[in-house]
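What follows is one structure encoded as structure tokens, with my remarks underneath.
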Number of protein chains: 2
Amino acid sequence: MSKREERRGERRAAILETASQFFMEQGFAGTTMSAVAAGLGGSKGTLWSYFSSKEDLFAACIEGKIEAFRAELVSVLDPGAPLRPAIEGFCRSFMAKIREPNSIALYRLLVGQSMRAPEAGRIFFERGPGVIEALLTAFLRGQVEAGRLRDEPPLEMAQVLISLCNGISHQRLLLGLAPDHAPYKPPAPKRITELFFRLYGVAEAT
Amino acid sequence: MSKREERRGERRAAILETASQFFMEQGFAGTTMSAVAAGLGGSKGTLWSYFSSKEDLFAACIEGKIEAFRAELVSVLDPGAPLRPAIEGFCRSFMAKIREPNSIALYRLLVGQSMRAPEAGRIFFERGPGVIEALLTAFLRGQVEAGRLRDEPPLEMAQVLISLCNGISHQRLLLGLAPDHAPYKPPAPKRITELFFRLYGVAEAT
DNA sequence: GCAATTCCGTACTATATAGTATCATTTTAT
DNA sequence: ATAAAATGATACTATATAGTACGGAATTGC
């Protein structure tokens, strides 16, 4: 790769990083191209030489954030591990991830723009939560077939577990409340795991 | 009330209705005051004689929608009824309500504006979901004390039930996906009730 | 009937911001 | 060294829209 192309890639990445920050913090309407250029230390002409419109820039930022989101969560499930710790580990990672300020901001952005840009929501779901759901379902299906979980639909199991992890804290965070806004105490991954096994565990082994 | 005041009230209500529709469908940034005035069949001057700014109008619309949301859901829980049908009825009403296009639109609006207008999110939660949660918790506490449910924290029970009702379908709807976007089949209230009793039911009676 | 409001319609101002044009300066390729 | 490409600074255009001003018409109170 020539030095020109290399620099071009770096510049593009820098633009995306700065713009993402603005979009996450100020939303789509609240972010101005001039502000992005200023925050970048660059000029508007450069901006338009990389992205042909504000919509373009926004789409590229979302794209990048989705990748980051998915990548961090996909690596969580280890089908080889013992069942109960695996479930608990999944809950812990998943809950930590969806509560990160970055994740909340991304989610807010997508929900808020889902009328203006409905495609973004679909893409996000299919590459993010959809992938997690599919992986978890496959994992649980294997456990059912191995007789370590009740013989009930794995997809339902996955969605129940994810719903419990999302819980109410996610809603509160999306609406901008403090995570422990009274009278709430977020449930521990251990507790969620216990409930999950009460629902779907087989009698003998755990 | 004089006829003047009466007409003034009607006009105000008409403005709120029209503006709400625009805000719900187009979002805050996507709604223009001129469009509201036009859709109203009125003029901009009148608009500003009722609300001193776009922000004011927006706040009033949200206020109204919150009331409608809460009112419809609060009447659901009947502490006197038999336990299992009561739970199932709650699930049915709650799920139907949160999936209404109106509720989705309101939720989107609040989440999308939770950076610009964080107060709105808090108010909504405290008057809407917060009230539901409190009522359900009180109801469940009574059942626990009557020995018809396991002796576990009623608040947790309530949040588990609500989480299961929200489930994944709510997320999909918020992101603008079809409610049955593959591979999803929304769970029935009956099924959720079954799971709930598997978690918290006492052995003998149901 | 008459006076006071209220409303509509329209034209207007002020402002913010997406996007363009220009030119000097720096960086890279040959 | 020199040409080509990219960058930065600045000024600019075009447009959308929040909010204002005002005159005439309708509605209401007395």
side-chain hydrogen bond (donor to acceptor under 3.5 Å, both in side chains): pairs with one or both residues in residues 25-42 of chain B, sequence neighbours excluded: B:S34-B:K44

Expressed as a whole number of angstroms, how long is the span from A:D56:CG to C:dG19:C1'? 13 Å

Regarding the side chain of A:M33, the nearest nucleotide among D:dG8, C:dA18, C:dG9 is C:dA18

From CZ of A:F22 across to P of C:dT17 the rounded distance in Å is 12 Å

Closest nucleotide among C:dT10, D:dA18, C:dG19 to the A:K54 side chain: C:dG19

Select one nucleotide: of C:dT28, C:dT6, C:dA18, the one nearest the side-chain heavy atoms of A:R4. C:dT28

Which nucleotide in the list D:dT27, D:dA18, C:dT28 gets nearest to the side chain of A:R7? C:dT28

C:dT17, C:dT20, D:dG29: which one has an atom nearest the side-chain heavy atoms of A:T32? C:dT17

Nearest-nucleotide check on DNA chain C, A:S34 vs A:S43; residue mapping nearer the 5' end is A:S34

Would you name the heavy atoms of B:A37 and B:S43 that are closest together and state the gap between them? CB-C, 3.9 Å

Indicate, with a heavy-atom threshold strictly under 4.0 Å, whether A:S52 touches base, sugar-phosphate, or nothing. nothing

Does the ring centre of A:F69 sit less than 6.0 Å away from the ring centre of A:F124? yes

When you get a sec, tell me which of C:dC7, C:dG19, C:dT28 is the closest nucleotide to the side chain of B:T46? C:dC7

Find the distance A:R11:CZ to C:dT28:P and express it as a whole number of Å. 13 Å

Of the candidate nucleotides C:dG19, D:dA18, C:dC8, which contains the atom at the shortest distance from the side chain of B:K44? D:dA18

Could you state the CZ-P distance from B:R12 to C:dC7, rounded to the nearest angstrom? 13 Å

Whether A:F28 and A:F58 hold their rings parallel, tilted or perpendicular, with breakpoints at 30° and 60°: perpendicular

Within 45° of the six-membered ring axis of B:F197 and under 6.0 Å from that ring's centre, is NZ or CZ of B:R84 located there? yes

In this structure, how many angstroms lie between the P atom of C:dC8 and the CG atom of B:L40, rounded? 7 Å

Classify the nucleic acid contact of A:Y50 as base, sugar-phosphate or nothing, counting any heavy atom under 4.0 Å across all strands shown. sugar-phosphate

Where the side chain of B:R8 is concerned, which of C:dC7, D:dG29, D:dG8 is the nearest nucleotide? C:dC7

